[in-house]
Amino acid sequence: MIHFAIIGCGHIANKHIESINGTDGAVLTALCDNNPQRLLELEEKWNVPVYLNMDEMLQQCPHIDVVCICTPSGLHTSMAIAAAKAKKHLIIEKPVTLTLEDADRIAAAAEENGVLVTVVHPNRYRPAIRQLKHALDQGMFGKLSHVNATVRWNRSQAYYDQAPWRGTKAMDGGVLMNQAIHSLDLLIWLFGPVKEVKSLVDTRFRKIESEDVAVAVLRFESGHLGVVEACTTVYEQNLEESIAVFGEHGYAEIGGRTANWIKQWNCSSMTKEETEVLISEIERDPFGKPGHQCIIEDMVEAIRDHRPPAITLQDGRNALKLVIDMVENGSPQVVM
């Protein structure tokens, strides 16, 4: 059995707990959080040891194999390095860190201590996204002209006011770092490295330090262009998340309120009947196996097979770099 511990037991930790409990060969061994009441509730629910201090947990549970870091983003670096030095493999929630320098520090600690690191980008495992990836790998759309990523969501002021760290630059970040980073990861995974970024970011509605709206145009190393629109300012509720591709032999759009459905698919190498079958297959099960569980399962297999995880620390760094490039390129320049 591969023994898992979770540090940071807020909302996202529930997905890790469910995924660990649903994975053959994985067992939840310990939970750590700085909220005593929350820990008491989790201890009663899951019947595992709980800790207020990560160092104490690592000392008292030496049999832990993997640490899932689910704390606010600004705490990822110190906790990841400490866990790596304790010879624990790492699953780090997105974003991997808030700076490239900190991502490199984690990488150095992981290499020095011989541990594996994966970053939680679960959208890669959505069935419609997997079909799009397969089609692109087969060159079914031919040479690409441009691609598009859209995140039109709502995060109310009440959401940001739930915790003092939300929306801050030191601990959290804005719409690009938190909501759109999954779509940015998909852009890189599906369409390759980004060569050039031109962007605008702003804070229009929410009382936060970071941006609540961003637009950008990209040029990928392979030559095609990209358009990104991301916001948490949509009125009242989430509206749309989508990934679209336009090529010389077809086009496709994966969309909906979350990008789980094939909204458009027109490819010269597929018949109308084949396209209808593909779309109907996705509609029968648009969510598939939870992405967090896929990541937990992959880590278990990676440890046993002595191989890198499917989603690497470098993948997390690539998405982080694109966020940073967009924010730095799009922020207003202060003239002294």
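Residues take their numbers from the sequence shown, with the count starting at 1.
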Can Lys94 and Asp315 be counted as an ion pair, charged N to O under 4.0 angstrom?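 No, Lys94 and Asp315 are not salt-bridged.
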
Side chains of [X] and [Y]: does their closest heavy-atom pair fall under 4.5 Å?
{"X": "Val67", "Y": "Leu58", "result": "yes"}
{"X": "Leu31", "Y": "Glu43", "result": "no"}
{"X": "Leu187", "Y": "Leu218", "result": "yes"}
{"X": "Val151", "Y": "Glu229", "result": "no"}
{"X": "Leu98", "Y": "Met177", "result": "yes"}
{"X": "Ile106", "Y": "Ile81", "result": "yes"}
{"X": "Val323", "Y": "Val327", "result": "yes"}
{"X": "Glu301", "Y": "Arg304", "result": "no"}

Without swapping roles, check the side chain of [X] against the backbone of [Y] for a donor-acceptor pair under 3.5 Å.
{"X": "Asn154", "Y": "Val234", "answer": "yes"}
{"X": "Lys85", "Y": "Ala109", "answer": "no"}
{"X": "Asp202", "Y": "Val213", "answer": "no"}
{"X": "Gln157", "Y": "Lys207", "answer": "yes"}
{"X": "Asp305", "Y": "Arg307", "answer": "no"}
{"X": "Arg130", "Y": "Arg124", "answer": "yes"}
{"X": "His76", "Y": "Pro95", "answer": "yes"}
{"X": "Asp298", "Y": "Ala310", "answer": "yes"}
{"X": "Thr203", "Y": "Ser210", "answer": "yes"}
{"X": "Ser199", "Y": "Met326", "answer": "yes"}

Check the hydrophobic clustering (I, L, V, M, F, W, Y; side-chain heavy atoms under 4.5 Å; chains of links allowed) and say if [X] and [Y] are grouped together.
{"X": "Leu313", "Y": "Met79", "value": "yes"}
{"X": "Val120", "Y": "Ile7", "value": "no"}
{"X": "Ile243", "Y": "Trp153", "value": "no"}
{"X": "Val66", "Y": "Val48", "value": "yes"}
{"X": "Leu190", "Y": "Leu225", "value": "no"}

Can you see which heavy atom on [X] is nearest to which on [Y], and at what distance?
{"X": "Asp172", "Y": "Ser73", "result": "O-OG, 4.3 Å"}
{"X": "Thr99", "Y": "Leu320", "result": "O-CD2, 3.5 Å"}
{"X": "Ile324", "Y": "Leu100", "result": "CD1-CG, 3.9 Å"}
{"X": "Cys70", "Y": "Ile6", "result": "SG-CG2, 4.0 Å"}
{"X": "Ser269", "Y": "Glu274", "result": "O-OE1, 4.0 Å"}
{"X": "Ile181", "Y": "Ala319", "result": "CG1-CB, 4.0 Å"}

For Arg219, salt bridge (charged side-chain N to carboxylate O under 4.0 Å, His left out) partners two or more places apart: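 Residues passing salt bridge (charged side-chain N to carboxylate O under 4.0 Å, His left out) with Arg219: Glu196.
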
How about [X] and [Y]: are their ring centres within less than 6.0 Å of each other?
{"X": "Phe141", "Y": "Trp265", "value": "yes"}
{"X": "Trp261", "Y": "Phe287", "value": "yes"}
{"X": "His63", "Y": "His3", "value": "yes"}

Reported [atom1]-to-[atom2] distance for the pair [X] and [Y], which is rounded to 0.5 angstrom:
{"X": "Cys9", "Y": "Glu41", "atom1": "SG", "atom2": "CD", "value": "11.0 Å"}
{"X": "Ile69", "Y": "Ile92", "atom1": "CD1", "atom2": "CD1", "value": "5.0 Å"}
{"X": "Ile91", "Y": "Ser19", "atom1": "CD1", "atom2": "OG", "value": "9.0 Å"}
{"X": "Gln131", "Y": "Met140", "atom1": "CD", "atom2": "CE", "value": "9.0 Å"}
{"X": "Leu42", "Y": "Gln37", "atom1": "CG", "atom2": "CD", "value": "10.0 Å"}
{"X": "Lys321", "Y": "Leu184", "atom1": "NZ", "atom2": "CG", "value": "12.5 Å"}

From the options Arg257, Arg126, Arg152, select the one residue that forms a salt bridge (Lys or Arg N to Asp or Glu O under 4.0 Å) with Glu241.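 Option passing the salt bridge (Lys or Arg N to Asp or Glu O under 4.0 Å) with Glu241: Arg126.
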
Out of Phe246, Phe191, Phe220, which one pairs with Leu144 under the side-chain contact (heavy atoms from CB on, under 4.5 Å) rule?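 Of all the options given, the one that passes is Phe191.
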
Testing Val119, Thr118, Val300 for side-chain contact (heavy atoms from CB on, under 4.5 Å) with Ile295, which one passes?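 The option that passes is Thr118.
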
We want to know whether [X] and [Y] form a side-chain donor-acceptor pair, criterion being a heavy-atom distance below 3.5 angstrom.
{"X": "Thr23", "Y": "Asn21", "value": "no"}
{"X": "Ser242", "Y": "Glu240", "value": "yes"}
{"X": "His121", "Y": "Glu93", "value": "no"}
{"X": "Gln59", "Y": "Asp55", "value": "no"}
{"X": "Asn113", "Y": "Lys87", "value": "yes"}
{"X": "Asn123", "Y": "Asp185", "value": "no"}

side-chain contact (heavy atoms from CB on, under 4.5 Å) for Cys231 and Phe205? Distances and angles first, verdict last. CA-CA 10 Å; Cys231 71; Phe205 294 168; over 6 Å; no

Please test Ile64 against Met57 for side-chain contact (heavy atoms from CB on, under 4.5 Å), starting from the C-alpha separation and ending with a verdict. CA-CA 9 Å; Ile64 291 171; Met57 182 188 74; 4.1 Å; yes

Check the pair His182 / Leu186 against side-chain contact (heavy atoms from CB on, under 4.5 Å), numbers first and verdict last. CA-CA 6 Å; His182 287 308; Leu186 290 181; 5.8 Å; no

Decide salt bridge (charged side-chain N to carboxylate O under 4.0 Å, His left out) for Arg204 and Glu211; before the verdict, give the C-alpha distance in whole Å, the side-chain angles of both, and the deciding distance to 0.1 Å. CA-CA 8 Å; Arg204 297 291 296 165; Glu211 80 288 341; over 6 Å; no

Does Tyr159 have Arg166 sitting over its ring (NZ/CZ under 6.0 Å from centre, angle to axis within 45°)?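 Ring-cation test returns yes.
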
Just wondering, are more than 12 heavy atoms of other shown residues or ligands nearer than 6.0 Å to NZ in Lys15?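 No, not enclosed.
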
Let me see the working for Tyr125 and Lys289 under side-chain contact (heavy atoms from CB on, under 4.5 Å), right down to the final yes or no. CA-CA 8 Å; Tyr125 292 97; Lys289 182 182 294 186; over 6 Å; no

